[in-house]
Amino acid sequence: MQDLGSPGNSVVVRAPGKINLILRVGPLRSDGYHELLTVFQAVDIWETVTVQPAADFSITVSGGANLALVPLDASNIAIKAAMAVARRLGRSDGVAIHIDKKVPVGGGMGGGSADAAATLIATNELWAGDLGTDELLDLAASLGSDVPFLLHGGTAVARGRGEKITEAESMPLHWVVVPSLKHLATPQGYARLDEIRDGQDVSVPSDVPVEFMRALAAGDPVALAPHLINDMAPAAISLHPEVATTLQMGLEIGALTAMVSGSGPTCVLLARDLDHAHLLVEACATRDRVASVVSSPVRGTHLVSGVPVPSGRN
Ligand code: C5P
């Protein structure tokens, strides 16, 4: 019989949210995904996942708004991640997962994917597993398109359905996140984009602009701003027209640019520097919009503390 370890054994892992500085969406593939060219950046909004030994798999959540949207059954991507690690390690016990959510739920900033990334690391640690980086990245890709990047963190150019990542260089950038009271399920966003495109022939560019990469590496937000683009924006606006109002507000209050984050409806405003970001947050408040400063890039998913089940006892 497997020793579940004492209930005092727990592992805490943090995973960041993400924004897409460039999100080019190509045609719908035969597997139901769209071909992408995207540039991910991890931002300093953190999901904190705690796992403890248990006979079965369970999940609880705390934290921000819209928590009622988070499924608390096996359809939750964090439980899928824990089950995948259990299978790989040949374990028949489960894990009690608690997620403290700070990334807006259903907002296009990768919160669910971050939870999955954190749970992969946490369960591998709890069970003193031997899964290495490549194996964890493979499991991550099987769970969701954004999960490999959220494991990795930093800045990356991604291709395929978003799971093929190549690290990129970036100096710090400062943003203002303007969450929406609404939420948007990613598949719904892609489906609306297909409707809008109505069979039009679309292709993804083969690479991101050289000037963009140069501005990113130099940490020059003014040079970067004109290159930021999100092909999903028309879909997010069509589903939630107030997204257009938020983007307009961002430009009116002096952001370098305003864009939809991922599939939306969260919007992000690019600031000149940290001080400018704080001024933009104040300007949002005068328009009755709650917003917050985030900085990027930050590290990927990482262990905060952990008392694994002693090895040799599973
Ligand atoms: O990979 P993930 O599970 O996060 O994707 C959720 C859904 O988003 C997919 O089932 C698909 O409908 C859509 N999607 C897509 N193209 C991508 C990524 C996601 O159409 N590249």
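Each ligand, and each atom within it, is numbered from 1 in the order the structure gives. Residue numbers start at 1 and run along the sequence shown. Fair warning: this is a prediction, and the values are worked out from it, not measured in the lab.
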Do His98 and Thr60 have side-chain atoms, one donor and one acceptor, less than 3.5 Å apart?
yes
Can you say whether the rings of Phe149 and Phe40 are parallel (under 30°), tilted (30 to 60°) or perpendicular (over 60°)?
parallel
In chain order, what residues pass the ring-ring contact (aromatic ring centres under 6.0 Å, His included) check against His278, with sequence neighbours excluded?
none
Ligand 1: protein residues within heavy-atom distance under 4.0 Å
Gly32, Tyr33, His34, Leu36, Gly144, Ser145, Arg161, Thr186, Pro187, Tyr190
Is the His34 ring parallel, tilted or perpendicular to the Tyr190 ring (thresholds 30°, 60°)?
parallel
Does any pair with a residue in residues 216-230 pass salt bridge (Lys or Arg N to Asp or Glu O under 4.0 Å), and if so which ones, sequence neighbours excluded?
none
Can you sort out the partners of Glu35 under side-chain hydrogen bond (donor to acceptor under 3.5 Å, both in side chains), two or more places apart, ordered by chain and number?
Arg29
